[in-house]
Amino acid sequence: MRPTFWSSRCVDRSWSLVQRTVVARLSKRPVTVSGIPGVWFPPTVRGVDFRRGCDVMVVHAHAEREALTTMVTPGTVVALASLARAADPVPARGDGAVVFAPQALVPRTRAERARLLEGIVAAAQAHPEVPFIIKVRGEEGEAQTHAEFASYPEARCGAPRGAAPQPRVRTRAAQRLPGGARALVTVSSTAALESIAADVPTLILDDFGVDEQQLNLVFAASGCTGPMARMVTLDFPRASERWRRSHYFHENAEDDWVDVTLARVAAAAPHPAFMPEPRGLRGVARRVRLRSQALGAADAPWRRALARVIVAPALAWRAVVVRR
């Protein structure tokens, strides 16, 4: 059997579109495999719904598999695959810079982001011999996966500047930062996994919470969480071995997604049912919006315009009415 790989800027909706408009119409349905290309803990109901009906759901941690097993459609198997980890994605451990990795969505208010920047500045001024670097993912104004409403370079430019040392902003790849990292600090960034993999001390700031809203619940029991005060004193922890084994750092020999997929192909077992589509105009509207979201600029212009001007507002208004 020849595998087919689907890729898009909107993976969730693309998978759902392929399932409903391509796979569901085949006379001989293939075994389908889906997953999340990164951290997915805790798993979301919306993410599961987009992939409902697949035969194999691939995750990257034992904790994710345990949480997903009760959420997927009966008949879907949850399998394990290691996250691809580059060698030394963060500089080798040393006495160099403290690297702060921002996350575009959290903290969620300007006041909290200003408070966080003040903490980084305070740490930099308390230790003028240690470089503090804010490692942003792109240039100011450059398109990113998540739009950042109050970027750290923007806040830093508006803050008063003094003679004391200030954190520097860098856009270069982390492994090119000079000197070898002393530690990595973040509120919620997958860069933390890269630093843990490279044995770099890692601090997950808990001043704003460790929960689903801050997108860092996955680190709750890691041993890496702590307040900004630890950054000021250069007290940086390391992840516990127990947490590492259950979250993304298991042995490669424990991966079973290939064997599980081949077993489903060989068994030719009944496949999970697709989510039923709404009937009537609501079903048509959902399909138009899903296609537009999945295909983006590749969709027909008239369909994109229809989804943007009529379908999306109509579905949003219906959702408000239903909730009330």
Side-chain angles (χ1 to χ4, degrees), residues 85-107 112-140 148 150-210 214-216 218-219 222-240 243-244:
R85 295 193 289 270
D88 296 331
V90 175
R93 178 165 48 92
D95 296 327
V98 173
V99 181
F100 173 71
Q103 212 281 352
L105 301 180
V106 296
E112 289 176 335
R113 296 171 88 86
R115 177 185 163 199
L116 177 51
L117 182 59
E118 289 173 1
I120 299 172
V121 170
Q125 294 179 350
H127 300 278
E129 76 284 0
V130 178
F132 277 76
I133 295 175
I134 299 175
K135 170 60 184 72
V136 296
R137 299 185 63 177
E139 299 288 348
E140 194 73 4
E148 194 165 17
S151 70
Y152 292 93
E154 174 190 344
R156 180 172 170 270
C157 289
R161 308 292 291 274
Q166 296 284 331
R168 293 175 290 169
V169 175
R170 292 288 184 271
T171 57
R172 292 181 295 173
Q175 59 265 37
R176 296 181 182 175
L177 293 174
R182 178 187 294 263
L184 183 129
V185 181
T186 187
V187 174
S188 170
S189 171
T190 52
L193 295 183
E194 298 175 346
S195 64
I196 292 171
D199 195 30
V200 172
T202 303
L203 176 62
I204 310 297
L205 297 175
D206 62 7
D207 302 78
F208 312 99
V210 178
Q214 294 301 323
L215 308 177
N216 57 8
V218 66
F219 297 106
S222 66
C224 290
T225 59
M228 281 188 282
R230 295 186 68 170
M231 176 174 58
V232 176
T233 59
L234 302 183
D235 177 19
F236 300 111
R238 283 187 170 82
S240 70
W243 180 88
R244 288 167 61 99

Please identify each residue that fulfils ring-ring contact (aromatic ring centres under 6.0 Å, His included) with F132, with sequence neighbours left out.
none
Residue pair P131 / R168: nearest heavy atoms and the distance that separates them
CB-NH2, 3.2 Å
Tabulate below the donor-acceptor pairs under 3.5 Å that side-chain atoms of residues 114-123 make, not counting sequence neighbours, or state none.
none

Going by side-chain contact (heavy atoms from CB on, under 4.5 Å), name the residues that satisfy it together with S189, two or more places apart in sequence or in a different chain.
A101, T186, A191
Out of curiosity, I196 CD1 to W243 CH2, how far, rounded to the nearest 0.5 Å?
4.0 Å
Does any non-hydrogen side-chain atom of S188 lie less than 4.5 Å from one of Q214?
no
Nearest heavy atoms of R238 and P201, plus distance in Å
NH2-CG, 3.4 Å
Give, for atom CG of L193 and atom CZ of F219, the distance between the pair rounded to the nearest 0.5 Å.
4.5 Å
Distance check, rounded to the nearest 0.5 Å: I133 atom CD1 versus R170 atom CZ?
5.5 Å
Nearest atoms (heavy-atom pairs only) where V187 meets N216
O-ND2, 3.1 Å
Interatomic distance, T202 atom OG1 to D199 atom CG [nearest 0.5 angstrom]:
9.0 Å
Report the residues that fulfil side-chain contact (heavy atoms from CB on, under 4.5 Å) with D206, sequence neighbours left out, ordered by chain and then residue number.
V210, T225, P227
Here the pair of heavy atoms bringing G96 nearest to V130 is O-CG1, 3.9 Å
Residue pairs passing the salt bridge (charged side-chain N to carboxylate O under 4.0 Å, His left out) test where at least one lies in residues 223-235, sequence neighbours excluded:
R230-D235
The side chain to side chain donor-acceptor pair (under 3.5 Å) partners of R244 (sequence neighbours excluded) come to none
Looking at every non-hydrogen atom in both residues, tell me the closest pair between R182 and F236 and how far apart they are.
CD-CE1, 4.3 Å
CE on M231 to OG1 on T233, rounded to 0.5 Å
9.5 Å
